[in-house]
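In what follows, a single structure is set out as structure tokens and then discussed.
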Amino acid sequence: MRTTIRDRIESALGESCRGIAGDPAPQIVLETPRDPRHGDLATNLALRIAREKGGKAREIAEQIAVALKGNSNFCPPLCERIEIAGPGFINLFIAPQALQGELALILSEGDRYGASAREGRAKIQLEFVSANPTGPLTVAHGRQAAVGDSLARILSRAGYSVMKEYYLNDRGKQIRLLGHSTLQRYREIFGQKAEIPDEGYKGSYIKDLAERVRVRDGDLWLRAGEEEAIAFFSNCAVEEITAGIVKDLADFHVAFDHWTREREFSESGKIETCIEFLRGRDLIYEKDGAIWFRTESLGDDKDRVLVKSDGERTYFAPDIAYHRDKFEQGFDRVIDFWGPDHHGYVARMRAAVRALGYSDARFTPVIVQLSTLFRGAQKLSMSTRAGEFITLRELMDEVGVDATRYFFARMRTESHLNFDLDLAKKRSNDNPVYYVQYVHARVCSMYKKLNEKKPGFSLPAWENVRFDLLREREERDLIKRLSDFPLAVEQSAAALEPNLICNYMEDLAAAFHQCYTEHTVISEDDSLTAARMGLAEGVRIIVRNGLDLLGVAAPESM
RNA sequence: GCGCCCGUAGCUCAGGCGGAUAGAGCAACGGAUUUCUAAUCCGUUGGUCGCAGGUUCGAGUCCUGCCGGGCGCGCCA
């Protein structure tokens with residue numbers, strides 16, 4: 001497996017400063033300068049060493065430059081020029097041969113380019129959406145679904161082993177309320193006077209559910225006992241709504257690897273075992289007839305109740321056991337996506353994870369902020385119980401799956417986001433996703449045109465193509481962009497932010513469209529045509545891979 | 001009151017671990033197509049990075065305090 005140009009430059013820099021920096025060696029940071037006069041890559045390595053060890057940054061930079069120039073693996077093959085600038089930056093100008101070699105590497109490795117170096121990383125469980133089965137998925141769940149699924153793809157690509165997990169809360173007070181609300185709608189169909197409680201579920205889907213039961217069972221449930229009927233409608237509603245959730249997710253290109261149902265989990269005995277485990281660590285006590293968990297000693301604001309004085313468990317109790325189970329299944333790291341209404345939950349869950357004996361680094365709750373929806377200037381209220389909400393289904397039907405997923409993935413996860421539905425629909429063609437997809441379609445189109453414009457011409461194998469013919473500034477910039485893909489994946493995975501992939505893709509697309517406009521690929525010159533087709537193919541590989549990380553299609557034509 | 005998140009162009013948002021002259025899209029205006037897809041490209045206009053201090057060679061980025069917005073603070077789920 002050949003390493004990328006950036007990896008090779010990093011290791012050469014590491015070698016060059018070994019005698020200068022001492023131990024521990026400072027971390028090598030390579031950045032892409034805004035101004036092309038500052039080189040293709042720049043490092044503040046000398047400034048860092050000067051800060052830590054003392055000395056003048058520019059002098060240290062000179063020493064590093066001398067060492068680099070003496071390194072025969074570095075100076076002729078990788079870099080053609082090294083400059084010291086400003087307070088002590090080292091600016092590197094990459095040799096054309098090195099960039100051409102990078103393109104050849106992309107073409108030979110294809111979909112595996114940059115992905116193989118870090119295989120065998122940690123096992124991660126990523127839990128997201130986990131919406132209660134009391135109604136259809138909303139826009140808020142859609143954001144979690146898009147971000148979570150994309151992140152899972154990105155982490156996998158970065159070499160982690162990822163399991164996508166959905167926790168289905170299919171029992172408890174809300175589920176009973178759901179069943180009761182459905183039963184009341186069912187009774188209404190038969191002309192009975194039936195009130196939905198204030199706290200009950202009022203969405204139109206409840207009526208639809210009741211009607212389907214009527215069609216199947218007639219008036220059977222009018223004659224059943226109250227508790228029996230509520231239990232039936234609860235079950236029935238949960239199953240139907242869950243099926244709807246699965247369908248919505250599938251159509252949104254999201255498939256979970258594993259579902260945990262609270263009902264099954266609570267029957268497993270693991271909750272009792274977990275409470276006993278905590279009791280064994282002297283973290284459980286009784287007060288006012290309730291059972292409490294000493295979370296305050298573990299960083300929470302106050303202690304929390306696990307079992308109420310009426311004997312019912314709080315929501316927290318199964319959640320602790322559930323998280324214990326995650327770690328016992330062998331995950332090195334657990335990532336939870338929660339809505340902003342759960343951020344008060346962070347401290348107590350962290351406390352619980354500590355109590356269970358797992359380090360903080362292994363548990364990462366991520367708060368996915370809400371999207372505030374507008375229709376024009378009108379802010380839309382979002383309440384599942386009152387039945388006033390925009391569903392994910394409506395959103396993806398109106399805006400399209402690709403555009404919706406891309407739109408959500410593009411926003412930083414922890415940022416609030418204002419989303420005008422009217423605007424999003426009206427301008428759907430201006431969505432940046434089309435800008436990126438268009439790159440793929442354009443390259444595909446070039447392949448179709450190749451035979452038409454050059455009958456009898458066939459592309460040679462890429463290893464026989466003369467990439468040294470790619471001498472234009474735009475071509476060089478484009479190859480540099482391509483070579484940044486592994487870095488974009490790595491940074492996106494580290495930050496748990498898919499939006500870094502979107503940023504990268506849009507920059508790459510801009511570089512491609514610019515190059516495409518300036519330089520005709522299919523020309524009289526067979527060698528140049530082959531070289532430029534190779535570059536286009538490199539772009540197609542990266543764009544296809546990048547879009548796949550976002551769960552967005554790479555269309556052959558648009 | 002306490003806690004978490006946010007505040008960057010008219011709008012929506014980017015700005016790895018502090019780095020060189022703060023970016024993109026949309027909107028507005030002006031150009032480019034006998035050419036591989038114009039869903040594209042080029043240019044112009046647009047900024048007190050909420051405010052005030054601090055840290056240092058250097059701050060949109062780190063620290064402190066304010067201001068403004070969202071959310072959470074229950075033996076609810």
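Throughout, protein chains are lettered first and strands after them, A, B, ... in sequence-line order, and every chain is numbered starting at 1.
Between the side chain of A:Q144 and the main chain of A:V129, a donor-acceptor pair closer than 3.5 Å is present. When atom types are taken as modelled, the side chain of A:Q437 and the backbone of A:A553 share a donor-acceptor pair closer than 3.5 angstrom.
Comparing B:C75, B:U40, B:A77 by their nearest atom to the side chain of A:Q174 picks out B:A77. Of the candidates B:A14, B:A39, B:C36, the closest approach to any side-chain atom of A:M411 belongs to B:A14. Of the listed nucleotides (B:C41, B:G19, B:U35), B:G19 has the atom at the smallest distance from the side chain of A:F89. In the set B:A77, B:C5, B:G72, B:A77 carries the atom at the smallest distance from any side-chain atom of A:N169. If you check B:C75, B:G15, B:C41 against the side chain of A:L500, the one that comes closest is B:G15. Residue A:H343 has its side chain nearest to B:C71 when only B:A77, B:C75, B:C71 are considered.
Aromatic stacking is not marked for A:Y435 over B:G25, as the cut-offs of 5.5 Å for the centres and 30° for the planes do not both hold. Under the stacking definition used here (centres under 5.5 Å, planes under 30°), the residue A:H342 fails to qualify as stacked on the base of B:G72.
A donor N or O paired with an acceptor N or O is not found under 3.5 Å between the base of B:C6 and the side-chain atoms of A:S415. For B:A77, the base has no donor-acceptor partner in the side chain of A:D341 [N/O atoms by modelled type, under 3.5 angstrom]. The base of B:G19 sits within donor-acceptor range of the side chain of A:N44, with an N or O pair under 3.5 Å. Taking 3.5 Å as the limit, the base of B:U21 and the side chain of A:R37 contain a donor-acceptor pair of atoms between them.
Look at B:C4: its Watson-Crick or wobble partner, with both distances under 3.5 angstrom, is B:G70. Across all strands shown, B:C11 forms a Watson-Crick or G-U wobble pair with B:G25, both key distances being under 3.5 Å. Using N1 to N3 plus N6-O4 or O6-N4 for Watson-Crick, or N1-O2 and O6-N3 for G-U wobble, each under 3.5 Å, B:A77 pairs with nothing. Shown here, B:C36 forms no base pair; nothing in the strands shown gives a Watson-Crick or G-U wobble contact with both key distances under 3.5 Å. Pairing of B:G46, defined by two Watson-Crick or G-U wobble distances under 3.5 Å, is not identified with any nucleotide. Pairing partner, B:C57: B:G19, with both Watson-Crick or wobble hydrogen-bond distances short of 3.5 Å. Pairing for B:G65 goes to B:C51, judged as Watson-Crick or G-U wobble with the two contacts each under 3.5 Å.
Residue A:R304 is out of contact with every strand shown, counting any heavy-atom pair closer than 4.0 Å. Nucleic acid contact for A:E31: sugar-phosphate only, since backbone atoms but no base atoms lie under 4.0 Å from a heavy atom of the residue. When heavy atoms are screened at a 4.0 angstrom cut-off, A:R532 is found touching no nucleic acid atom at all. Residue A:H416 is classed as a base contact, given a heavy-atom separation below 4.0 Å to a base. Using a 4.0 Å heavy-atom criterion, one finds that A:L450 contacts no nucleic acid atom at all. At the heavy-atom level, A:A85 lies under 4.0 Å from base atoms of the strands shown. In this structure, A:H440 reaches neither bases nor backbone, as no heavy-atom distance under 4.0 Å exists between it and the strands shown. Base contact: A:A290 has a heavy atom under 4.0 Å from a base atom. Counting non-hydrogen atoms under 4.0 angstrom, A:I522 reaches a base of the nucleic acid. Within the nucleic acid shown, A:S557 comes within 4.0 Å of at least one base atom, counting heavy atoms only. The residue A:N499 sits close only to the backbone: its heavy atoms come under 4.0 Å of sugar-phosphate atoms, none of a base. Across all strands shown, A:P87 has heavy atoms under 4.0 Å from base atoms, whether or not it also approaches the sugar-phosphate. Among the protein residues, A:Y516 comes within range of the nucleic acid bases, having at least one heavy atom under 4.0 Å from a base atom. In this structure, A:A42 reaches the bases: a heavy-atom distance under 4.0 Å links it to at least one base atom across the strands shown.
Side-chain nitrogen and oxygen atoms of A:K308 include at least one within less than 4.0 Å of the OP1 or OP2 phosphate oxygen of B:A77. The shortest distance between the side-chain N/O atoms of A:Y434 and the OP1/OP2 oxygens of B:G25 is not below 4.0 Å. When the side-chain nitrogen and oxygen atoms of A:Q369 are compared with OP1 and OP2 of B:C6, none of them lie within a distance under 4.0 Å. For the OP1/OP2 pair of B:C75 and a distance below 4.0 Å, the side-chain nitrogens and oxygens of A:K302 include at least one atom meeting the criterion. Between A:N503 and B:C13 there is no side-chain N or O to OP1 or OP2 distance below 4.0 Å. Side-chain nitrogen and oxygen atoms of A:R442 include at least one within less than 4.0 Å of the OP1 or OP2 phosphate oxygen of B:A38. Within the 4.0 Å cut-off from OP1 or OP2 of B:G15, at least one side-chain nitrogen or oxygen of A:R412 is found.
Only the P atoms considered, B:A22 is 15 Å distant from B:U45, to the nearest whole Å. The P atoms of B:C51 and B:C67 are separated by 15 Å, rounded to the nearest whole Å. Rounded to whole Å, the separation between the C1' atoms of B:U61 and B:G18 comes to 6 Å. For the C1' atoms, the distance from B:A9 to B:G46 is 6 Å, rounded to whole Å. Distance noted for atom P between B:C41 and B:G7: 28 Å (whole Å). Of the P atoms belonging to B:G30 and B:C13, the separation is 29 Å, rounded to the nearest Å. Taking atom P on both B:C6 and B:G10, the two are 22 Å apart, rounded to the nearest angstrom. Separation of the P atoms belonging to B:C4 and B:C62 is 15 Å when rounded to the nearest angstrom.
Geometrically, A:R442 engages A:Y516 in a cation-pi contact defined by less than 6.0 Å to the ring centre and at most 45° from the axis.
Straight-line distance from the CZ atom of A:F293 to the P atom of B:C75: 15 Å, rounded to whole Å. Between the P atom of B:C76 and the CZ atom of A:R348 lies a distance of 12 Å, rounded to the nearest Å. The CD atom of A:E296 sits 14 Å away from the C1' atom of B:G3 (whole-angstrom rounding).
Using the six-membered ring where Trp is involved, A:Y166 and A:W259 have ring planes that are parallel, under 30° apart on the 30 and 60° scheme.
In summary, A:R473 and A:E518 do not engage in a salt bridge, as defined by a charged side-chain N under 4.0 Å from a carboxylate O. With respect to A:D360 and A:R354, a salt bridge is recorded, a charged nitrogen being found less than 4.0 Å from a carboxylate O. A salt bridge links A:E272 with A:R313: at least one charged nitrogen is closer than 4.0 Å to a carboxylate oxygen. Ion pairing between a basic and an acidic side chain is recognised when a charged N comes within 4.0 Å of a carboxylate O; A:D477 and A:R481 show no such pairing.
Of the two residues contacting RNA chain B, namely A:T413 and A:K448, the nearest-nucleotide position lying further toward the 5' end is that of A:T413. Nearest-nucleotide mapping onto RNA chain B: of A:A510 and A:V307, the residue sitting toward the 5' end is A:A510.
Between A:T242 and A:R261, some side-chain heavy-atom pair lies under the 4.5 Å cut-off.
Checked against the 6.0 Å centroid threshold, A:H323 and A:F363 count as a close aromatic pair.
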